[in-house]
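Working notes for the structure below.
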Amino acid sequence: MNQENDQELNGVNNDNRNERDHLEGFNPSAAHRFDYTLQDNENRENYKNAAKLVDYGTNWFPICGVSAVCFPEQQLPMKFNEDEQELYDRLVASARANGFVVLFPSDSRECDTLPYVATLSKVVQANPQTFSMELMGVHRCKVLSYNLENGEAFVQLLPEVEIPALLPKHLPKYSRRYSMYERRSLATRITGYPFDSLRDISRNQAEQCCLELKGMIGEEILQQALNRGLTYFSYFISQQIFSNRETEYSLLKEDSANTRIAAALKYCKVSIGKCRRCFAPIFLNENIMRLPEQTMTHVNAHGFVHKITLLSSITNYVQASAPSYEFTWFPDYAWIIIQCVGCHQHLGWEYMSMTREPQRFFGIQREGVQFENDIAEERDDDNSDPTESSDSLSDEESD
């Protein structure tokens, strides 16, 4: 971490009050997992969808806009209001019929125009008493048309593509004892392929992602994801990046696991996070923390999905509410809304507990923070040559 960032972040020293005194009078027994998790609930319904999917196959499925980007293999909680019962019933009916649900980010302008990329998902569990459910992303798809009367979309499944490394395919077994440089040199002489094209670039980039994120996610979890293959890892790592929904959606649109990992790598690196509105420094990379069995995506009582980053400490913030255990995402922790001290932008929540360790941490919502890599990207866009081709401009806009 460079000295400039350290100095920049130390602009405001927030009061380090006694957390136990601050929570005095609040009832910790009121804390519980929010009901979208559907654990130990006798009203829940479980679904086992065994339907087979075929690449480039087409079909009609119910469609639903969500305030998040859902990737394949990602679990997504949802909470519906009473006036959305018709939509809720439609999704549950699809689950009971061994069907699927099309999810798309409702705040993405790209989804206003057909065709666009979305995620085919399945309902895993639902609780009709609370209008809540849990979905699992299954497959990327392309939305081709709508039937607004029935709330359905006609979609085409998109294939999962991994570009294989050229190096292992063209080397004799005895070369395994050679150094990587010697193996690539030998493969170049055998095949005539350029030296640089024979590197296992995607694997190297995946390992760099693991290195950047091991403090937040855990080395063992990252290695398990990588061992499941590049396609799974590309979706897993896309859920962890330090950026906003626009960038996440650009990763969902990537045509191959290789290009998705390469694009996600730069968002795994962050040295400082700033307020999205006034750019006041909020945290450093070294403040990022993890909790056992933590999840990154949560839904509140009003149905809004939030993706958060956990931090041990932050600065330049003020509290904007009293502590509350109601609908807490972390059992035994009370939450307090926090805002930027300068512009009052909603940053996330401060969590406090009288019975658990750590006694205090912060959950910063991704949409409230401008990460340093986003700022650099926007500067690059501002300085781009206006005479560039339309193809290159559209690529920059998607990032």
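Keep in mind that the numbers below use all heavy atoms, side chains included, and drop hydrogens, waters and symmetry copies. None of these values were measured; they are calculated from a predicted model.
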Inset, instruction - Heavy atoms only: give me the nearest Ile282-Lys274 pair and the separation to one decimal. - result: CG1-C, 4.0 Å
Inset, instruction - Classify the ring geometry between Tyr317 and Phe362 as parallel (under 30°), tilted (30 to 60°) or perpendicular (over 60°). - result: perpendicular
Legend entry - Same apolar cluster (I L V M F W Y, side chains within < 4.5 Å links), Ile337/Tyr333: yes
Legend entry - Option passing side-chain hydrogen bond (donor to acceptor under 3.5 Å, both in side chains) with His346 (candidates Arg277, Gln365, Arg276): Gln365
Inset, instruction - Determine, step by step, whether Val124 and Leu135 satisfy the side chain to side chain contact (heavy atoms under 4.5 Å, CB included) criterion, reporting the C-alpha distance in whole Å, the side-chain angles of both residues, the deciding distance to 0.1 Å, and the verdict. - result: CA-CA 5 Å; Val124 180; Leu135 297 99; 5.8 Å; no
In a table with atom names and distances, give each donor-acceptor pair under 3.5 Å that connects a side chain of residues 141-157 to protein atoms at least two apart or in another chain.
from	atom 1	to	atom 2	distance (Å)
Tyr146	OH	Tyr116	OH	2.5
Asn147	OD1	Glu149	N	3.3
Asn147	OD1	Asn150	N	3.2

Legend entry - Residue pair Phe330, Phe361: steps toward the ring-ring contact (aromatic ring centres under 6.0 Å, His included) verdict: CA-CA 11 Å; Phe330 300 94; Phe361 65 90; 5.2 Å; yes
Inset, instruction - Among Glu248, Gln240, Gln239, find the residue that satisfies the side-chain hydrogen bond (donor to acceptor under 3.5 Å, both in side chains) test when tested with Lys307. - result: Glu248
Inset, instruction - Provide the closest heavy-atom pair for Glu162 versus Gly229 in the form atom of the first, atom of the second, distance. - result: OE2-C, 4.3 Å
Inset, instruction - Determine yes or no for a side-chain-to-main-chain donor-acceptor pair under 3.5 angstrom, with Lys79 supplying the side chain and Thr130 the backbone. - result: yes
Inset, instruction - Classify the angle between the aromatic ring planes of Tyr178 and Tyr174 as parallel (below 30°), tilted (30 to 60°) or perpendicular (above 60°). - result: perpendicular
Inset, instruction - Report yes if the side chains of Pro281 and Asn316 come closer than 4.5 Å at any heavy-atom pair, otherwise no. - result: yes
Inset, instruction - May I ask you to decide if Thr328's main-chain N or O and Tyr351's side chain share a donor-acceptor pair within less than 3.5 Å? - result: no
Legend entry - Any donor-acceptor N/O pair, Trp335 side chain to Glu326 backbone, under 3.5 Å: yes
Inset, instruction - Keeping the roles fixed (side chain from Ser321, backbone from Ile336), state whether a donor-acceptor pair exists under 3.5 Å. - result: no
Legend entry - Step-by-step side chain to side chain contact (heavy atoms under 4.5 Å, CB included) determination, Ser106 to Cys111: CA-CA 7 Å; Ser106 55; Cys111 298; over 6 Å; no
Inset, instruction - Please assess Phe80 against Tyr88 for the test ring-ring contact (aromatic ring centres under 6.0 Å, His included), listing each intermediate value before the final yes or no. - result: CA-CA 7 Å; Phe80 296 80; Tyr88 178 86; 5.4 Å; yes
Inset, instruction - Give a yes or no on whether a salt bridge exists between Glu246 and Arg109, defined as a side-chain N under 4.0 angstrom from a carboxylate O. - result: no
Inset, instruction - On the 0 to 90° scale, with breaks at 30° and 60°, tag the Trp329-His306 ring pair as parallel, tilted or perpendicular. - result: tilted
Inset, instruction - Might you point out which heavy atoms bring Cys278 and Cys340 nearest each other, and give the distance in Å? - result: SG-SG, 3.5 Å
Legend entry - Validation row: Val102, Thr119 side chains within 4.5 angstrom (heavy atoms): no
Legend entry - Validation row: Leu311, Ile288 side chains within 4.5 angstrom (heavy atoms): yes
Inset, instruction - Compare all side-chain heavy atoms of Val66 with those of Met78 and state whether any distance is below 4.5 angstrom. - result: yes
Legend entry - Arg90 side, atom CZ; Glu84 side, atom CD - distance, nearest 0.5 Å: 11.0 Å
Legend entry - Check: Gln74 side chain, Phe71 main-chain N or O, donor-acceptor pair, under 3.5 Å: yes
Legend entry - Ile261 CD1 to Phe236 CZ distance, which is reported to the nearest 0.5 Å: 12.0 Å
Legend entry - Tyr235 side chain reached by Arg260 side chain, heavy atoms, under 4.5 Å: yes
Legend entry - Cys70 versus Leu76, closest heavy-atom pair with distance: CB-CD2, 4.2 Å
Legend entry - Taking every non-hydrogen atom, the tightest pair across Ala264 and Ile237: CB-CG2, 3.9 Å
Inset, instruction - May I have the step-by-step check of side chain to side chain contact (heavy atoms under 4.5 Å, CB included) for Glu207 and Leu226, ending in yes or no? - result: CA-CA 8 Å; Glu207 290 173 352; Leu226 186 54; 4.3 Å; yes
Inset, instruction - Using only heavy-atom distances, determine whether the side chains of Ser256 and Thr259 contain a donor-acceptor pair under 3.5 Å. - result: yes
Legend entry - Atom pair CG/CD of Leu265 and Gln208 - distance to nearest 0.5 Å: 5.0 Å
Legend entry - Backbone of Thr247 reached by a side-chain donor or acceptor of Ser250 within 3.5 Å: yes
Inset, instruction - For the residue pair Phe233 and Asn227, establish whether any side-chain heavy-atom pair is separated by less than 4.5 Å. - result: no
Inset, instruction - Identify whether Leu103 and Trp60 are in the same connected component of the hydrophobic contact network (ILVMFWY, side-chain heavy atoms under 4.5 Å). - result: no
Inset, instruction - Could you tell me whether a side-chain N or O of Asn81 sits under 3.5 Å from a main-chain N or O of Asp83, the two making a donor and an acceptor? - result: no
Legend entry - Side-chain heavy-atom pair Arg140, Leu120 within 4.5 angstrom cut-off: no
Inset, instruction - May I ask whether Leu211 and Leu284 are part of the same hydrophobic cluster, defined by side-chain heavy atoms of I, L, V, M, F, W, Y residues being less than 4.5 angstrom apart, directly or through others? - result: no
Legend entry - Glu350 CD to Ile364 CD1 distance, which is reported to the nearest 0.5 Å: 9.5 Å
Legend entry - Whether Ser94 side chain and Phe100 backbone form a donor-acceptor pair below 3.5 Å: yes
Inset, instruction - For the pair Glu212 (side chain) and Cys209 (backbone), establish whether a donor and an acceptor sit closer than 3.5 Å, ignoring hydrogens and angles. - result: no
Legend entry - Leu158 with Val138, same ILVMFWY side-chain cluster at under 4.5 Å: yes
Inset, instruction - Measure the spacing between CG of Leu222 and CD1 of Ile217 and express it to the nearest 0.5 Å. - result: 4.5 Å
Inset, instruction - Can you measure from CG (Leu347) to CZ (Phe283) and round to the nearest 0.5 angstrom? - result: 10.0 Å
Inset, instruction - Taking all non-hydrogen atoms of both residues into account, name the closest pair between Val161 and Asp255 and its distance. - result: CB-O, 3.5 Å
Inset, instruction - Quick one: do Arg366 and Arg245 satisfy side chain to side chain contact (heavy atoms under 4.5 Å, CB included)? Show the steps, please. - result: CA-CA 8 Å; Arg366 300 290 179 88; Arg245 282 196 288 271; over 6 Å; no
Inset, instruction - Begin with the C-alpha distance, continue with both residues' side-chain angles, and end with the deciding distance and a verdict on side chain to side chain donor-acceptor pair (under 3.5 Å) for Gln359 and Ser353. - result: CA-CA 5 Å; Gln359 294 182 3; Ser353 175; over 6 Å; no
Inset, instruction - Determine, step by step, whether Glu160 and Thr231 satisfy the side chain to side chain donor-acceptor pair (under 3.5 Å) criterion, reporting the C-alpha distance in whole Å, the side-chain angles of both residues, the deciding distance to 0.1 Å, and the verdict. - result: CA-CA 7 Å; Glu160 303 292 355; Thr231 296; 4.9 Å; no
Inset, instruction - Kindly indicate whether the side chain of Gln345, heavy atoms from C-beta on, has any atom under 4.5 Å from the side chain of Gln339. - result: no
